[in-house]
Visitor: 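To start, I am sharing the structure in question, which I have written as structure tokens.
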2 protein chains.
Amino acid sequence: MDPKAIQESLETSGLRCTQQRYAVMAFLLEHKGHPTAAEIFDAVSRVDPRPSRATTYNNLRDLVKAGLVREVAVEGRGARFDAVGKRHHHFLCDRCGAVEDVEWFEVSKPVPGILGKRVVRACELNLRGLCAACAPESGSLE
Amino acid sequence: MDPKAIQESLETSGLRCTQQRYAVMAFLLEHKGHPTAAEIFDAVSRVDPRPSRATTYNNLRDLVKAGLVREVAVEGRGARFDAVGKRHHHFLCDRCGAVEDVEWFEVSKPVPGILGKRVVRACELNLRGLCAACAPESGSLE
DNA sequence: ATGATTGTTTAGACAAAGTCTAAAGTTGGA
DNA sequence: TCCAACTTTAGACTTTGTCTAAACAATCAT
């Protein structure tokens, strides 16, 4: 995504395109590996010397609220983020902790009635196991 | 699950049945609401006055390693845990943060080839939206 | 342009979540 | 009984995230 497009998507969402905000967004678009807030903070800090941690957290929150970024549900200490792009599932490596995207495929819907009054707005699959780098030559258990 | 059965399942998994460990396991079996580590610590602290936080964390880690307990993947600060029982999916409420079990139903498998060398060991669905308590009378977007 | 208003950044204190260590306490088995 | 292995404990420490008040933009209407 080129700089102009990033700026535009921020402004369309009602966010000013500030240095910091832009840096966070650009970093997320370039790094699809679901970085943690700490990693994002480190990365933008390296460019613009010493922004406060709070700014990075604020910007992440703003971007999530605006729908440009999503927080990924994984177990583990730090929140991880993901620029909203193509729909996809996630694969979590039990050994090295990597969080990888898996190409989207349609999943079965819950049997009607199972959910009661609940309103479903989104639905994603978490696959778990060993990533390509950690996998030995053994087979799957699923 | 009765006390004897809990003790047995611990010992079968190669874990001594200590006071603390038993208390953590029993609490998880009774509270299906996916408590956070902090909640578990508080609960067992109330019974046995002042165990160290470290003990609770150690025991949780041991139980997860033994396969009796699972860490639930949700975004947000504290790790949440779940006694391993019937297979189920999770429903996450966007408004109140509740994590509820959803009765198991079979989900579509990924198209072969999509996963490359990865070895899948588990697979669960995260549904997201508004829980029964938070849902207005509007419809679903999915 | 000028100034009022609003949104943003900053530093640092704070709080919450989790880990580590060293010492002391248990437990089970030879 | 005594040893080796496992547990627990307190507390220091680290990491992650939030909050606040003050300084800094940027915007908009004159």
Side-chain angles (χ1 to χ4, degrees), chain A residues 6-8 10-28 34-66 68-81 97 99, chain B residues 6-8 10-27 34-66 68-69 71-81 97 99:
Chain A
I6 297 180
Q7 179 180 349
E8 219 165 276
L10 289 175
E11 285 167 356
T12 308
S13 307
L15 296 173
R16 283 191 201 158
C17 180
T18 65
Q19 285 274 317
Q20 301 284 330
R21 197 119 74 198
Y22 179 91
V24 169
M25 192 65 204
F27 181 81
L28 277 171
H34 312 86
T36 62
E39 285 162 357
I40 297 168
F41 170 67
D42 285 352
V44 303
S45 297
R46 264 193 296 281
V47 183
D48 195 344
R50 283 281 118 206
S52 146
R53 243 193 347 285
T55 303
T56 301
Y57 281 98
N58 287 343
N59 281 326
L60 282 169
R61 194 193 307 123
D62 294 342
L63 290 168
V64 168
K65 218 181 316 172
L68 295 171
V69 165
R70 198 166 22 208
E71 188 175 343
V72 181
V74 290
E75 60 271 49
R77 353 269 141 276
R80 283 167 176 276
F81 297 88
V99 181
Chain B
I6 297 180
Q7 179 181 348
E8 218 164 276
L10 288 174
E11 285 168 356
T12 307
S13 308
L15 296 173
R16 284 192 199 157
C17 181
T18 65
Q19 285 276 315
Q20 300 285 329
R21 197 119 72 197
Y22 179 91
V24 169
M25 192 65 205
F27 181 81
H34 312 85
T36 62
E39 285 162 357
I40 297 168
F41 170 66
D42 285 352
V44 303
S45 296
R46 264 193 296 281
V47 183
D48 195 345
R50 283 281 120 206
S52 147
R53 244 193 344 287
T55 303
T56 301
Y57 282 98
N58 287 344
N59 282 326
L60 282 169
R61 194 191 309 121
D62 294 342
L63 290 169
V64 169
K65 218 181 317 174
L68 295 172
V69 166
E71 189 175 343
V72 181
V74 291
E75 60 273 51
R77 351 267 139 274
R80 284 167 177 275
F81 297 87
V99 180

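Numbers restart at 1 for each chain; the letters A, B, ... are given by sequence-line order, proteins then strands. Excluded from the calculations below are hydrogen atoms, water molecules and symmetry mates; all remaining heavy atoms, backbone and side chain alike, are included.
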Visitor: Would you mind reading off the distance between A/Leu10 atom CG and D/dA26 atom C1', rounded to a whole angstrom?
Guide: 15 Å
Visitor: With a sphere of 6.0 Å drawn around CD of B/Gln19, does it hold more than 12 non-hydrogen atoms of other residues, nucleotides or ligands?
Guide: no
Visitor: Hey, does A/Ile40 have a side-chain heavy atom less than 4.5 Å from the side chain of A/Thr36?
Guide: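 No, side chains not in contact.
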Visitor: Please give, in whole Å, the distance from C/dT9 P to A/Leu60 CG?
Guide: 12 Å
Visitor: Output the rounded distance in Å from CG (B/Leu63) to P (D/dC6).
Guide: 16 Å
Visitor: If you measure from CZ on B/Arg61 to CG on B/Leu63, what distance do you get to the nearest 0.5 Å?
Guide: 11.5 Å
Visitor: On the nucleotide D/dT9, are OP1 or OP2 found under 4.0 Å from the side-chain N or O atoms that B/Thr55 carries?
Guide: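 For D/dT9, OP1/OP2 do have a side-chain N/O of B/Thr55 under 4.0 Å.
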Visitor: From D/dT9, D/dC6, C/dT10, pick the nucleotide closest to the side chain of B/Asn58?
Guide: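 The closest nucleotide is D/dT9.
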Visitor: What residues, two or more places apart in sequence or in another chain, satisfy side-chain hydrogen bond (donor to acceptor under 3.5 Å, both in side chains) together with B/Glu39?
Guide: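 In terms of side-chain hydrogen bond (donor to acceptor under 3.5 Å, both in side chains), with neighbours along the sequence ignored, B/Glu39 is linked to no residue.
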Visitor: Take atom CG of B/Asp62 and atom C1' of C/dT19, then tell me their distance rounded to the nearest Å.
Guide: 14 Å
Visitor: Anything under 3.5 Å between a protein N or O and an N or O of nucleotides 24-30 of chain C, put it in a table, one pair a line.
Guide:
none

Visitor: To the nearest angstrom, how far is A/Glu11 atom CD from D/dT27 atom C1'?
Guide: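 So the CD-C1' distance, A/Glu11 to D/dT27, works out to 13 Å.
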Visitor: Enumerate the protein-to-nucleotides 14-18 of chain D contacts in which both atoms are nitrogen or oxygen and the separation is below 3.5 Å.
Guide:
unit_1: D/dG17; atom_1: OP1; unit_2: A/Ala79; atom_2: N; d: 2.7
unit_1: D/dG17; atom_1: OP2; unit_2: A/Tyr57; atom_2: OH; d: 2.8
unit_1: D/dG17; atom_1: N7; unit_2: A/Arg53; atom_2: NE; d: 3.4
unit_1: D/dG17; atom_1: O6; unit_2: A/Arg53; atom_2: NH2; d: 2.7

Visitor: Mind checking B/Gln19 for me? I need base, sugar-phosphate or nothing, with any heavy atom below 4.0 Å counting as a touch.
Guide: nothing
Visitor: For the side chain of A/Arg70 and the backbone of A/Phe81, is there at least one donor-acceptor N/O pair under 3.5 Å apart?
Guide: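 A pair under 3.5 Å: no.
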Visitor: What's the spacing between B/Asn59 CG and B/Met25 CE if we round to 0.5 Å?
Guide: 11.5 Å
Visitor: Between atom CZ in B/Phe41 and atom C1' in C/dT19, what is the gap in whole Å?
Guide: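 Going from B/Phe41 (CZ) to C/dT19 (C1'), I get 14 Å.
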Visitor: Just so I know, are the side chains of B/Leu68 and B/Asp62 near enough to count as touching, which here means a heavy-atom distance under 4.5 Å?
Guide: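 No - every pair of side-chain heavy atoms lies 4.5 Å or more apart.
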Visitor: Check the pair B/Glu75 / A/Val72 against side chain to side chain contact (heavy atoms under 4.5 Å, CB included), numbers first and verdict last.
Guide: CA-CA 6 Å; B/Glu75 60 273 51; A/Val72 181; over 6 Å; no
Visitor: In this structure, how many angstroms lie between the P atom of D/dA5 and the CG atom of B/Leu15, rounded?
Guide: 18 Å
Visitor: D/dA25 P sits how many Å from A/Gln20 CD, rounded?
Guide: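 The distance from CD of A/Gln20 to P of D/dA25 comes to 12 Å, rounded to the nearest Å.
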Visitor: Evaluate the side-chain proximity of B/Leu10 to B/Arg16: yes if any heavy-atom separation is below 4.5 Å, no if none is.
Guide: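 With C-beta onward as the side chain, the pair stays apart.
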